[in-house]
Every structure is written in C-alpha cells, then in structure tokens.
Amino acid sequence: VGRTFSSIECACLALALAHNESMRSLTVSDFPEEVWMVIAEALKHNVKLKSVSFAGDHHAGMALAHVLKHNGTLDSATFSL
C-alpha cells in the first residue's frame, strides 16, 4: 500500500512545479494516480522546464502525454516502466 497525499500536499506540489523559474530538468517516478495528474497539470504551465523524465505505470504515461500536449517549451521527454 502506497502513501496517500492530502489535497494540501497536492496543491503545494502543483504551485511549486507550475511557478518554478529555475528548474530546467525534472525526473519523477512512482507516484499514485492523483499525484501524476497534479504533476501533469502543473507542468503544462511551466515555461522554463526543458526536459522531463517520468517512470511508472500507465498513469505516469498518461500524465506525460498530457504535459506534452500542452507544454510547448519542452525539448526532451522520456518515459519508462
């Protein structure tokens, strides 16, 4: 059984990812479904990020697809199971 994330934790993560202006690369792995969607939603608004790497189940893949569909500043994206 994995860790459960509160709504406040998810909101804080979303704000940090969406508004971070110094992060250029991000590697993320092994989160529950709701956190993947928070990450995806936040990263579609991050205009400084150039590279992402997601590792996990199909929820991670769906989240990465969501990011790629909406974020035009990424130069590199990888996904692994």
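In this structure, Leu74 CG and Leu43 CG are separated by 7.5 Å, a value rounded to the nearest 0.5 Å.
In this structure, Leu49 and Ser25 approach most closely via the heavy-atom pair CD1-N, 3.6 Å.
Side-chain contact between Leu81 and Asp57 is absent, with no heavy-atom pair separated by less than 4.5 Å. Phe79 has its side chain out of reach of Val52: every pair of non-hydrogen atoms, C-beta onward, lies at least 4.5 Å apart.
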Which donor-acceptor pairs under 3.5 Å do the side chains of residues 9-20 make with protein atoms, sequence neighbours left out?
{"unit_1": "Glu9", "atom_1": "OE1", "unit_2": "Arg3", "atom_2": "NH1", "d": "3.4"}
{"unit_1": "Glu9", "atom_1": "OE1", "unit_2": "Ser6", "atom_2": "N", "d": "2.8"}
{"unit_1": "Glu9", "atom_1": "OE1", "unit_2": "Ser6", "atom_2": "OG", "d": "3.4"}
{"unit_1": "Glu9", "atom_1": "OE2", "unit_2": "Arg3", "atom_2": "NH2", "d": "2.7"}
{"unit_1": "Asn20", "atom_1": "OD1", "unit_2": "Ser22", "atom_2": "N", "d": "2.8"}
{"unit_1": "Asn20", "atom_1": "OD1", "unit_2": "Ser22", "atom_2": "OG", "d": "3.3"}
{"unit_1": "Asn20", "atom_1": "OD1", "unit_2": "Met23", "atom_2": "N", "d": "2.7"}

Just distance, no hydrogens or angles: give the donor-acceptor pairs under 3.5 Å from side chains in residues 28-42, sequence neighbours left out.
{"unit_1": "Trp36", "atom_1": "NE1", "unit_2": "Phe31", "atom_2": "O", "d": "2.8"}
{"unit_1": "Glu41", "atom_1": "OE1", "unit_2": "His66", "atom_2": "NE2", "d": "3.1"}
{"unit_1": "Glu41", "atom_1": "OE2", "unit_2": "Lys44", "atom_2": "NZ", "d": "3.0"}

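Linking Ile, Leu, Val, Met, Phe, Trp and Tyr residues whenever their side-chain heavy atoms come within less than 4.5 Å places Phe54 and Phe5 in a single cluster.
Sorted by first and then second residue, the pairs that involve residues 67-81 and meet side chain to side chain donor-acceptor pair (under 3.5 Å), not counting sequence neighbours, are Ser53-Thr78, Asn71-Thr73.
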